[in-house]
Amino acid sequence: MAGRADALPAPGHGERQGIDTALVGMLLFIASEIMFFAGLFGAYFNIRAEHTVWPPQGFQLDLGLAAVLTVILVSSSFTMQYAVSCIRKGDRTGMVRAMTVTVILGVIFLCGQLYDYYSLGFGISSGVYGTLFFTMTGFHGAHVLGGVIGMSVVLLRGINGQFSARHHTAVEAVSIYWHFVDVVWIGLFSTLYLLR
Amino acid sequence: MATTVLAPGATRTYRRSVLYEWLTTTDHKKIGILYLTNSFLFFLLAGLLALVIRSELAVPGLQFVNSSTYNQLFTMHGTTMIFLVLMPFLAGLGNYAVPLQIGAADMAFPRINALSFWMLPLGGILMFSGFFFGGAAAEGWTSYSPLAQAKYSGSGTDLWIVALLLIGTSSILGSINFLATIFKLRAPGMTLLRMPVFVWTVMVTSLLILLATPVFTSGVFMLYIDRNFGGAFFDPASGGNPILWQNLFWFFGHPEVYILILPAMGVISEVIPVFSRKPIFGYKAFIFATLLIGGLGFSVWAHHMFTTGAVYLPFFSLTTSLIGVPTGIKFFNWIATMWRGKISFATPMLFAVGFLSTFLVGGLDGAILASPPVDFALHDTYWIVAHIHFVFFGGTMFGVFAAAYYWFPKMFGARLDEGLGKIHFVLMLIGTWVTFFPMHLLGLEGMPRRIADYSPAAGWTDLNTVETIGSFIIAISVLPFMWNVFVTLRGPRDAGDDPWDGYTLEWATTSPPPPYNFDHLPPIRSERPLFDLKYGHGARRALPSASVATTQEGAS
């Protein structure tokens, strides 16, 4: 019954227009991640609103270390974006170099956070402030770790000669994710260290 | 009818065992069938739990289980029905139908699709393993603190948490997959406002899952930290707040209600036009109403918390009243579609019409609760149990069975037997009303929910006995369905490509469809491309054609 003359070729094999499907997937995933952190921030402000003294007695944060880590993570977003602009122009070597720097900055951030955890005078079980602090920064740290692993995969693929000016969806995707992780940290730093 | 030859290269030259094929498949149709099968098994399991619950409540006194086991039973019944039965049933239907209805070859991320599915049986096994480790979770599916804190509950609750983290992740990945598929893989000509209503409902549901489930995930993580790492999120003694859990839970939990009903509404909106031989009435109004439900769904969660005294009643009362409006619009859509239609009461249509009756009652039950004074009186009574079961069983499950009878010929190439289907429907409808309607009366009389026993002096015995009889009628109603599936699959696969004379693209390909779904597609100028092809674009009625009559004769 379907007349062949006006029948369309079935889709699923040809090239597609517009934004890459995998990038759409990454953006949607980040939307869900935003809501996950929204839950954590919501918990923080809900509990914060019920306390007159905040942070409660005996909780001292290391603002200096956190500021240094903030600078490191924010700079890594710039090196990441440089890596993306390199591969967009087809410069794989430049991409690999910039991505290496980004991975190193991410690892430094993680080490700094571990040092911070080690040297702080309170833990996750010492009252609700400790629980909030370690849960929020901990989940962010886990996302940084995920980003470092993702970037390392992209880096190894780049070293092995993959990616070109036309085909580099993975680089774009991991860069979006890394910027997201960076923005969450800016939110966390402002909330935990600056707003108080 | 529309015939489609296999896509070139679709015939394989190598053979694998059928088991290996099903365990490793990334084909959306097979994954859809896996979802449906898995959900049905958990449906039987949760149904058994419900039968024990109803048997215990049939008469006063503790006959079968003690109150501690009873708590585990209703907790596991609720959690299983919502997370392992209704959600995956709808995800399975979406998996099967959405790529076909938009003319795509598969989902956007087939391997992530397989991952989403396989997390479900794993999560289910973890959750049920609680029964062997000192008792399953027993705090109700809402798992409020302080009851859910480590002091008061055992490892079953930890397993419950881990299972829900897995199932939640599965839903989130599934929703990303649906959205990417719908945004990117539509056939040429299939604009957003030409998508079938079912695809629209799956899209809005996916948006709700995407934005609501992660908040729940963060909440259960907090509960896990409280229980296992000495956290204090929900512990007021250390500065936490138990109401915080309720906010996080219901911020997800209320959109969840719409997650569970929207695709079932979508199914109904596919079935009613086809069996009324008319296009759906008010397509755009329906889409608008669906979007409105999705949007308002995020602003009503605190109506579950009216009695906490911690929420602003007028706001949430207003939004809750508002959200009844789009659902009312949909009832006009459905009824006006049937109005002056040439209605045939095949089994899918029976379940669709059954949905209208039971879901209407369930919806009105909820609308009444939007008024805080009424809610204060009925909070935590059997009225709530009546409401949730009329909406989810009378609504979603009827939609699921309508879909099962409607798409079965597409999935397996054979139509389910009409006689057995009608027995199934009649028993299930009677069972639903007999079981759940008396719960309204018990609620008004003040019977609290989640109790294992009640006093003979309370005067609740007769209604409870009636409910228990009803629950066994529901259980019996499932038997003809299972027998029907069994005999139909053993019989000839002669349903043909388009046994219902359908309107949407899935009926343009073979039954079952080839791995890549379509070789060629008809032109797409509306949400019903096949209807246009058969009766002309813009036709207002589907007149029976000779070819259709032959196909239906051949099938029945």
Side-chain angles (χ1 to χ4, degrees), chain A residues 1-14 16-51 53-56 123-132 134-136 138-139 142, chain B residues 1-4 7 103-106 108-109 112 172-173 175-177 179-181 183-189 209-219 221-222 225-226 229-233 235 238-241 243-244 247-248 251 508 516-524 533-534 547:
Chain A
M1 188 173 71
R4 282 283 180 254
D6 55 356
L8 300 163
H13 303 283
R16 300 207 155 265
Q17 303 293 310
I19 180 170
D20 189 278
T21 307
L23 284 186
V24 173
M26 177 52 88
L27 289 172
L28 291 167
F29 175 67
I30 285 172
S32 80
E33 289 278 48
I34 288 171
M35 291 310 288
F36 176 80
F37 279 100
L40 295 180
F41 276 93
Y44 177 87
F45 286 113
N46 182 297
I47 290 169
R48 164 78 185 87
E50 291 180 350
H51 287 74
V53 184
W54 194 263
I124 194 166
S125 55
S126 37
V128 76
Y129 187 82
T131 311
L132 280 167
F134 281 98
T135 305
M136 294 170 86
F139 271 113
Chain B
M1 295 314 301
T3 46
T4 315
D106 204 320
F109 309 114
I112 290 181
I172 293 168
L173 292 178
S175 72
I176 292 171
N177 219 337
L179 289 169
T181 307
F183 290 154
K184 293 297 296 181
L185 302 191
R186 297 192 311 278
I209 293 177
L210 185 76
L211 300 177
T213 314
V215 177
F216 177 61
T217 306
S218 75
F221 262 126
M222 291 175 206
I225 289 167
D226 268 16
F229 305 125
F233 282 110
D235 176 15
S238 309
N241 182 359
I243 302 292
L244 168 63
N247 274 307
L248 291 169
F251 185 82
Y516 280 88
N517 293 348
F518 299 99
D519 185 27
H520 284 81
L521 288 170
I524 299 162
L533 196 66
K534 293 169 189 166
S547 64

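Proteins come first, then strands; the chains are lettered A, B, ... in the order of their sequence lines, and each starts at number 1. Below, all heavy atoms of this structure are taken into account, side chains as well, without hydrogens, waters or symmetry copies.
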Given that the side chain runs from C-beta out, which part of [X] has a heavy atom under 4.5 Å from chain A: side chain, backbone, both or neither?
X      : result
B:I172 : side chain
B:I225 : side chain
B:L248 : side chain
B:N247 : side chain

For the residue pair A:M35 and B:T213, establish whether any side-chain heavy-atom pair is separated by less than 4.5 Å.
-> no

Within a strict 4.5 Å, meaning less than it, do heavy atoms of the A:T21 and B:F109 side chains meet?
->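 Counting from C-beta outward, A:T21 and B:F109 do come under 4.5 Å.
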
So, B:K184 side chain and A:I19 main chain: donor-acceptor pair closer than 3.5 Å or not?
->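 Yes; at least one donor-acceptor contact below 3.5 Å.
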
Taking A:T131 for the side chain and B:A232 for the main chain, is one N or O donor matched with an acceptor at less than 3.5 Å?
->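 Checked: pair present.
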
Name the option with the most non-hydrogen atom pairs under 4.5 Å to chain A; the candidates are [options].
options                : answer
B:I112, B:L210, B:T181 : B:L210
B:V215, B:D106, B:I176 : B:I176
B:G240, B:S175, B:A212 : B:G240

Calculate, to the nearest 0.5 Å, the distance between atoms CZ and CG belonging to B:F233 and A:N46 respectively.
->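 Here the interatomic distance stands at 11.0 Å.
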
Nearest 0.5 Å please: distance from the CG atom of A:L40 over to the OG1 atom of B:T217.
-> 10.5 Å

Under a 4.5 Å heavy-atom cutoff, which of A:G42, A:A22, A:A43 has the most pairs with chain B?
->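 Sorted descending by pairs with chain B, the first entry is A:A43.
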
Under 4.5 Å to a heavy atom of chain B? For A:I47 that would be side chain

Could you tell me which non-hydrogen atom of A:I124 sits nearest to which non-hydrogen atom of B:F229, and how far apart they are?
->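 Closest approach of A:I124 to B:F229: CG2-O, 3.4 Å.
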
Closest heavy-atom contact between B:S218 and A:G39?
->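 What the structure gives for the nearest pair is OG-CA, 3.5 Å.
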
Step through it carefully: locate the ring centre of B:F221, locate the ring centre of A:F139, and say whether they are under 6.0 Å apart.
-> yes

